[in-house]
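A quick write-up on the structure given underneath.
As the structure lists them, so they are numbered: ligands from 1, and atoms in each ligand from 1.
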Amino acid sequence: MNLVVKIGSSSVTTDHLDVNHPVVDSICDQLALLHSAGHRVALVTSGAIALGLGRLGMLGERPADLVTLQAASAVGQVNLIAAWAGKLAERGLVSGQILLSASDFMERRQYLSARATLGRMLDQGIIPIINENDAVADDEIRLGDNDRIAALVSGLVGAEVLVLLTDQDGLFTADPRRFEDATLIEEVQEVTRELASLAGGRGTTRGSGGMVTKIMAARIAAWSGVETLIAAASNPEALSSAPTRRQGVGTWISKSRRRLPSRKLWIAFALPSSGFIQVDEGARRAIRDKGSSLLAVGVTGLGGAFAAEDAVEVVSEDGGIIAKGLARIGADELGGELQRRRAGLASDVSALAMHRDDMILLEG
Ligand code: GLU
């Protein structure tokens, strides 16, 4: 089985911004078990920034400026990879470092190249140790969220299971840090908006994730045909029991019934959105129930300075996201049509705002 496992900064590092050796050892033990059982595993690890800040003696409040954080990540990435590669080698495993950037998911050629390299590593029994290339990615293009990277990687390598290891046992009915009666949700069939709101806010100060990014990552994974397990990094069997889909170790999130082709996954989850197109109820139904393209006649508003071929969200009158896709015409032209129609002037109501082949339905 192909698996992708992601572990967050709050688990990989200690309060003193040092490597959390017991946790890393336990994950390496489990990786070794999986490897000897013939499974192929890629590891996505955070912790570069946290470890770098530790090495630089910046133990207080996390600096706000990005360049300092980038410099810290360059320092910490070395420690991070040394810890993982060293401990894996002690268990007879060969690993290699892959640093990914947003453009590796956004540009088709790079996407295919990353896929080929990762695939070859897995074929050769090498454990890829993956992080974002934090040191050089500026804020504009930084993905900044390893949960999402892990989900995108799980699609990239055709994983069956994505394991997100964190400092909680899984997803709870309420924030367990605040509500004593919160209980663990063991199974989720579909990631809905209500579920995302259950997940509460940000995690710890060391990590950037929290449950929301995990839920969103699980959604990407689901659309990629991958099941997700959210479990505690401190649980010594969470990862190794993933191939048997053992219940009780965390929250399992099912894959969705239909699997999006990789081009649609790329449009839906890798491309940043440059704006939105708001549509009326008729257009919403036509898109959702009949698989129609979006025509200018159904557009009731728009936002952002998007051009043709940019990715935009399609939202309903109440602001909920219905779909995402590539606009066929830019905001200026579409806005012009809208204004003319509103003013009762002749407008091209059948102008194609978004073609169905470039659109991914995201409702529900
Ligand atoms: N890439 C960042 C790091 O290694 C972490 C990003 C995240 O927390 O998701 O420090």
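Taking the side chain as every heavy atom from C-beta outward, Asp25 and Arg91 approach each other to under 4.5 Å.
Inclusion of Asp134 in the set of residues having an N or O under 3.5 Å from an N or O of ligand 1 is warranted. Checked against a 3.5 angstrom limit, the closest N/O atoms of Asn131 and ligand 1 fall inside it. Checking only distances, Ala48 does come within under 3.5 Å of ligand 1, N or O to N or O. At least one N or O atom of Ile49 sits closer than 3.5 Å to an N or O atom of ligand 1.
When every heavy atom of Leu239 is checked against every heavy atom of Gln30, the shortest pair comes out as N-OE1, 2.9 Å.
Partners of Gln168 under the side-chain hydrogen bond (donor to acceptor under 3.5 Å, both in side chains) rule, at least two apart in sequence or in another chain, do not exist in this structure. For Glu333, the side chain to side chain contact (heavy atoms under 4.5 Å, CB included) partners two or more places apart in sequence, or in a different chain, are Ile329.
At a heavy-atom cutoff of 4.0 Å, ligand 1 is contacted by both the backbone and the side chain of Asn146.
Judged by the shortest distance from any of its heavy atoms, Ser73 lies outside the 4.0 Å radius around the atoms of ligand 1.
Short contacts between ligand 1 and Asp145, defined as distances under 4.0 Å to a heavy atom of the residue, involve ligand atoms 9 (O). The contact set between ligand 1 and Ser46, taken as ligand atoms under 4.0 Å from a residue heavy atom, comprises 4 (O), 5 (C), 7 (C), 8 (O), 9 (O).
At a cut-off of 3.5 Å, with distance as the only test, no side-chain donor of Glu187 or Ser254 sits close to an acceptor on the other residue. Between the side chains of Trp84 and Thr45, a donor-acceptor pair is found at a separation under 3.5 Å.
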